Each structure stands twice: as structure tokens, then as C-alpha cells.
Participant: 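Quick one: this structure, given as C-alpha cells, is what I'll be asking you about.
Being a predicted model, the structure only gives us computed values, none of them experimental. The figures that follow rest on heavy atoms only: side chains count, while hydrogens, waters and symmetry mates do not.
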Amino acid sequence: MGVTVEDVMQLPVFKNAKVLTEIQAIPVEWISVIETPVENFVRNHEFVLSTGIGCGEDIAALEQYVHDVIRSEASALAFATGRHIYKVPDRIIQLAEDNNFSLIEIPWEVRFGDILQEVFRLIAREKETEQQQAEAVRQELINCVLNGKGLQEITTILFNNTRIPIAISDHNKQIRANQQFDRYFIDVLNGKREEEYQLVTPSAFSDHPLSHYIEKYQIKDESCYQLTILSNYKKQGYLLFKPVEDEQLSWIVLTILEHALTACALYFVKENAIEMTEIRLKDNFLLDLAKTNIEIDKSLLSKAQLLGYDLDKSYICLVGDIRFKKAIDDHIASDDHSVKSSSMHSRNYYIQKEVTHAGDVLKRDTMTTFDEGEVIVYLDADASTYSKTANQFLDLVERRLNELLAGITISWGISCPKEKDYTFHQSYEEAKAALKIGRQQHEDGDRTFFSDTRMNRLLMALSHEREIENIVEETLEKLIQYDEKRQTDLIHTFIVYNKYNSNVSQTARALNLHRQSLLHRLRNIEQLTGLSLLDADDLFLLELSVRLWMLKKVEE
């Protein structure tokens, strides 16, 4: 607690003093000589000396003076009697007693200078002791972090030195350490209990700089306090503490809490650095696994095991193309690199979190990394039920992601299950190929299984034949040129027309066109290609040419 009124009264200079009311165990942070009027010259926890000059013969004025000193929350008041006041009136003593205020008489012969000198020495010695104690705690906290200990050890050190219940949470308000802090208050602040709480302005504990950063929460008739843990102006977590009474938050306690903030910030920075290193190692490992044809040997299996991966299981690969609505895209594509980097990191964090969550729900291992706007996931799946497992997995991921990231859509390509001599690179290539084909044929957000792309892969293989390339070019050349020149979309019109089995009414509705407008487009297609849409062979040639041309665009 530091120097108290009791400590001051033990000084030799007060041996002849007369205590008029019970001495209160209140801190003394300063001592001064104050006469009437008091106004705002007296501060909290100040020991006041007075001769009573100006109100010695006016009891009402003396009573008002004492009342003003009490209202200023001074620690005690000592009158030098014998000149202006010969005896403190009973009425004044009663006023002090009614307010549990320490009132003292000192002989006129005792010089105020002597009293000031002794009290200042006492306060200075106590301050030096407190500073040494605070420095010892600071060193203990820093050593705790540097020696690899955790937040629980930090709270133990704090509690042992302050006797105040302490808890530490991360930036997501998840409690990471607790030392006798009531869980009820944590649940209320985190919204887990339907209790109202209010953020109020705390009264000034002292002139300690930290007091300006303390937040006070009022919950019913009780209150607790919070300090934000910052590092590089970024919130890392929160320090919660609940003193029995505000007097516990003395200068030394606030200094210890200030050192605790530094130690906690250091811990979180260290934890983040370790986490980022682990993430980079995992990302590099998975990208190498996906993009290079690595042989699965004992060395690779051992490395994977160190990173928490089991490569002996049967995996399918899912490659997702991440897209956002235009407003969000504009934000992510900002010229400000820090904004872009932060947005990408936040997006990837949520996707990674939901992938892990979905894997846990289905009791399936997952391995995830990111590459140029794509998410690459290896999912543990049985060969006989892999398509069902993949759909269940993606349903879980997307349902939660749509709540967290408004406007996000992910188109997926999904490989076949792993077989003998089947590498992770092959699985990635299959998923990538399925994604490309799916994006050309379907809308954003669809899923394409590699096993469902056999026809497209067959056509893709045919498209590389030079003679077939010439046929496609001859068939569609005028149609492509017309679309580019007139800014029309006759090829898309044909695709929809063919999709609805040459049904004009259904095609017009799908394209939101008048029937006559659609017929005009179809006549243009026939004129430009020289093919009849009523002839089965011509229709087949046009459909095949369009599909080959589109697959060629996918490859490019």
C-alpha cells in the first residue's frame, strides 16, 4: 500500500501530537501546508498541515475549511494549535469522526519544515523500495517469457505480487490464463451470459500514466477492469483484473500491471512469430507436394510427421478459386499494399479455420495451403465414398464462410481418390483441370469432379490435332469475328439453345429475349457458319466445334 497515515504518525516529529479521531489506514502520497480557502489546492491522499489562520475565531469558517479538506479526499489533517487555534472544537472533531477522517493536533512549537522533511524522507524511502520491488517483478516477468513459460505463469507472478484476481485473453477474447478471476464476469463480457454490463469512466486512482488507459466495466453492483495489450499498435489481447477495492490499485500495483502489459505483448509477439514460422513451413511443404512430382519416401514421411501430417492416408485434392463481389474485390485490390496484405491474410485465416473445423466435424484429416488466389486442400477420404465426403466437407466450409465473409464464392475442382503410385502432384493437377473446365461451363461457386470431366478431357485431347483445329477454326471464324466486332454473344446463344434441346421458347426465357430476337440471332448463326440448326450433322459439328474452342480457351 505504500506510506499510510499510521506510518506518518510513527515518525519522531509526531511524538507530542494528539490524535483526535481514529487513525485510518489510508495512503499518504504527499504532504503540504494549506490554509483557507481550500478550493482545488488539495489532492487525493495528501497529508494536510494547517495553522487555522483566518478562521480561528470563526467556528463556522473552520468547519467549512475542514469540510473542504475532507471533500478533497485528503489522507489526514493536522492543526498546529497554540496561536490561531488553541483547541480544536468538539464540533469539528465530530465532523471528522462522522466522515471517518483522521484529525490531529500538533504543538505550535513543532516546525512545519521539520514535519515536511521527515515525511518526504519516508515517502522517498518507500518509493525507492517500491521501485526496487517493481523492477524485480519486471525482471521476473520478462525472464518468464524469455525462458519459454506461458501466460499462466505471468498471472501467477502478478497475483503473488498484487493479490488481485487476474485473467489474460487473446484478441478474440478467448481466456488464455486465469488466476482466481471470476469466470462469471468473463462470460458476461464475452456475451455468453445474458447480463447487461456498462463501460463507465473510472475514477482516477492516482497520477500514474497507466490509469488513463484502464477501462472499467460495471456489472450489476460489481465492477472489473481491463487493459488492452498492444504491440506495434495492434491489439494482441486483454488483461482483466478485479480488485476488492479501488485502493488496491496503488502506484506500485499500476506499475506492476504496466510491466505485465509489456511481458504479455512480448509473449504474443513471440507466439505469433512461432506460429507464422510454422505456417510458412507448412505452406512451403504443401506447395512443393502439390506442384512438384515428389517421390513419397521415408524422409518425406518423417518431415510430414514433424509438421503434423500423415501422408500414408488416402487423400483427394480440392482446389478452390476464391472470388468476392466487386465491392470487396475493389477493397482487396487496393493500391495500399498493407490493406491488400491484411485483407488477404484475414481471408485466408477464416478459410483455414473453417477447413480445419469441417475436417474435425467429419473426423477427417486435412492439409491446407494458399497460392495466388486459390486454396489447395488435401482431404482424407475413402475411395468408395469420396464424392459424398467431399460434398459434406464443402457444405460445412461454405455455410460458415458465408456468415463470416459476405460476398465470397469459391469454385471447386475435385480430384479422384489416390491409388497405387499416385502422387499428390497428380491429384493437384486433376483438381486444377477440373476447376478450369468447371469454371468455363458452370457459374461461380459450382463444384466439378475430375471423374465427371471425361468427355471434356477427350475433347481436349482431340483439340490438339492440327486437322481438327483447322475444322474448328473454319466453322467458327466468322462467328467469333462477328461477336467481337458487334459486341454480341451468338456463341453463348447457341450454347443455351443447344442446352434446351433446340426449344425456342425455353431458350428465349433463359436468355431473357423476345422470341423474334432469338430467332433473328439463330438465323445469323446459320448464315455466318453456313450450317443449318435443323440438320443433325450440322448441329453436331457446330456443338463439337464450340466445345473444342471453349476447352482451348480454358487451356490458354
Side-chain angles (χ1 to χ4, degrees), residues 273-322 344-345 348-349 351-356 358-360 362-387 389-390 393-394 397 410-439 447-454 456-457 460-461 464 554-556:
I274 293 171
E275 184 180 351
M276 289 304 297
T277 301
E278 184 180 349
I279 288 171
R280 276 194 294 271
L281 287 172
K282 286 185 172 182
D283 279 347
N284 293 336
F285 177 80
L286 289 175
L287 284 173
D288 286 344
L289 204 64
K291 298 205 167 185
T292 57
N293 204 4
I294 304 174
E295 182 182 351
I296 309 297
D297 55 16
K298 288 184 179 180
S299 174
L300 190 69
L301 290 172
S302 177
K303 185 177 180 181
Q305 193 173 18
L306 288 174
L307 294 173
Y309 297 142
D310 182 0
L311 301 188
D312 284 327
K313 293 190 174 183
S314 177
Y315 289 93
I316 57 172
C317 183
L318 302 89
V319 177
D321 181 41
I322 306 165
M344 294 284 283
H345 176 77
N348 292 352
Y349 168 79
I351 294 173
Q352 172 77 65
K353 182 180 176 183
E354 296 314 319
V355 165
T356 303
D360 291 342
L362 297 177
K363 295 182 172 56
R364 300 282 181 175
D365 284 0
T366 58
M367 303 186 294
T368 311
T369 188
F370 297 86
D371 182 48
E372 297 180 353
E374 289 182 347
V375 54
I376 303 169
V377 181
Y378 284 101
L379 173 67
D380 166 29
D382 301 324
S384 59
T385 58
Y386 82 95
S387 59
T389 301
F393 173 79
L394 293 177
V397 170
I410 305 181
S411 303
W412 295 94
I414 304 157
S415 74
C416 293
K418 176 175 146 184
E419 297 175 358
K420 187 178 180 181
D421 299 327
Y422 187 80
T423 68
F424 286 89
H425 174 63
Q426 287 175 284
S427 184
Y428 168 74
E429 289 295 328
E430 285 186 1
K432 187 79 173 176
L435 175 65
K436 285 183 178 180
I437 293 170
R439 283 199 56 78
R447 304 165 189 173
T448 307
F449 286 83
F450 185 74
S451 58
D452 295 335
T453 63
R454 285 175 293 184
N456 297 90
R457 284 182 279 133
M460 198 174 286
H464 294 292
V554 170
E555 285 188 322
E556 293 173 354

Participant: So, for I414 and A390, which heavy atoms are closest and what is the spacing to 0.1 Å?
Facilitator: CG2-CB, 4.3 Å

Participant: Supply the atom-to-atom distance H425 NE2 to L289 CG, rounded to the nearest 0.5 angstrom.
Facilitator: 10.5 Å

Participant: Once rounded to the nearest 0.5 Å, what's the spacing between atom CG of L287 and atom OG1 of T292?
Facilitator: 9.5 Å

Participant: Please confirm whether the backbone N or O of I351 pairs with a side-chain atom of E354, one donor and one acceptor, at under 3.5 Å?
Facilitator: no

Participant: Measure across Q352 and F370 and return the closest heavy-atom pair with its distance rounded to 0.1 Å.
Facilitator: N-CZ, 4.0 Å

Participant: According to salt bridge (charged side-chain N to carboxylate O under 4.0 Å, His left out), who are the partners of K291, at least two apart in sequence or on a separate chain?
Facilitator: D371

Participant: Could you tell me which non-hydrogen atom of F450 sits nearest to which non-hydrogen atom of C416, and how far apart they are?
Facilitator: CD2-SG, 3.8 Å

Participant: Run the side-chain donor-acceptor check on residues 373-382: report pairs under 3.5 Å with partners two or more places apart or on a different chain.
Facilitator:
from : atom 1 : to   : atom 2 : distance (Å)
E374 : OE1    : K432 : NZ     : 2.8
E374 : OE2    : K432 : NZ     : 2.4
Y378 : OH     : F424 : O      : 2.8
D382 : OD2    : R364 : NH2    : 3.4

Participant: Quick one: pull up CD1 in I316 and OG in S427 and give me the separation to the nearest 0.5 Å.
Facilitator: 7.5 Å

Participant: Using modelled atom types and a 3.5 Å cut-off, is there a donor and acceptor pairing between side-chain atoms of T423 and backbone atoms of N293?
Facilitator: no

Participant: Would the distance check show the side chain of S415 and the main-chain N or O of C317 forming a donor-acceptor pair, the cut-off being under 3.5 Å?
Facilitator: yes

Participant: Nearest 0.5 Å, what's the CD1-CD1 distance between I274 and I279?
Facilitator: 12.0 Å

Participant: Can you tell me how far CG of D283 sits from OG1 of T369, rounded to the nearest 0.5 angstrom?
Facilitator: 3.5 Å

Participant: Any side-chain heavy atom of V319 sitting closer than 4.5 Å to one from Y428?
Facilitator: yes

Participant: Applying side-chain hydrogen bond (donor to acceptor under 3.5 Å, both in side chains) as the test, list every pair that has at least one member in residues 301-312; sequence neighbours left out.
Facilitator: none

Participant: When rounded to the nearest 0.5 angstrom, what is the spacing between CG in L311 and CG in L301?
Facilitator: 5.5 Å

Participant: Side chains of F285 and L300, heavy atoms from C-beta outward: is any pair under 4.5 Å?
Facilitator: yes

Participant: For T448 versus G438, what's the shortest heavy-atom pair and its separation?
Facilitator: OG1-CA, 3.1 Å

Participant: Indicate the atoms forming the closest heavy-atom contact of F449 with A434, along with that distance.
Facilitator: C-CB, 4.2 Å

Participant: Take Y386 and S451 through the side chain to side chain donor-acceptor pair (under 3.5 Å) test and state the conclusion after the steps.
Facilitator: CA-CA 11 Å; Y386 82 95; S451 58; 3.1 Å; yes

Participant: Measure the shortest side-chain to side-chain distance between D288 and I294 over non-hydrogen atoms and say whether it is less than 4.5 angstrom.
Facilitator: yes

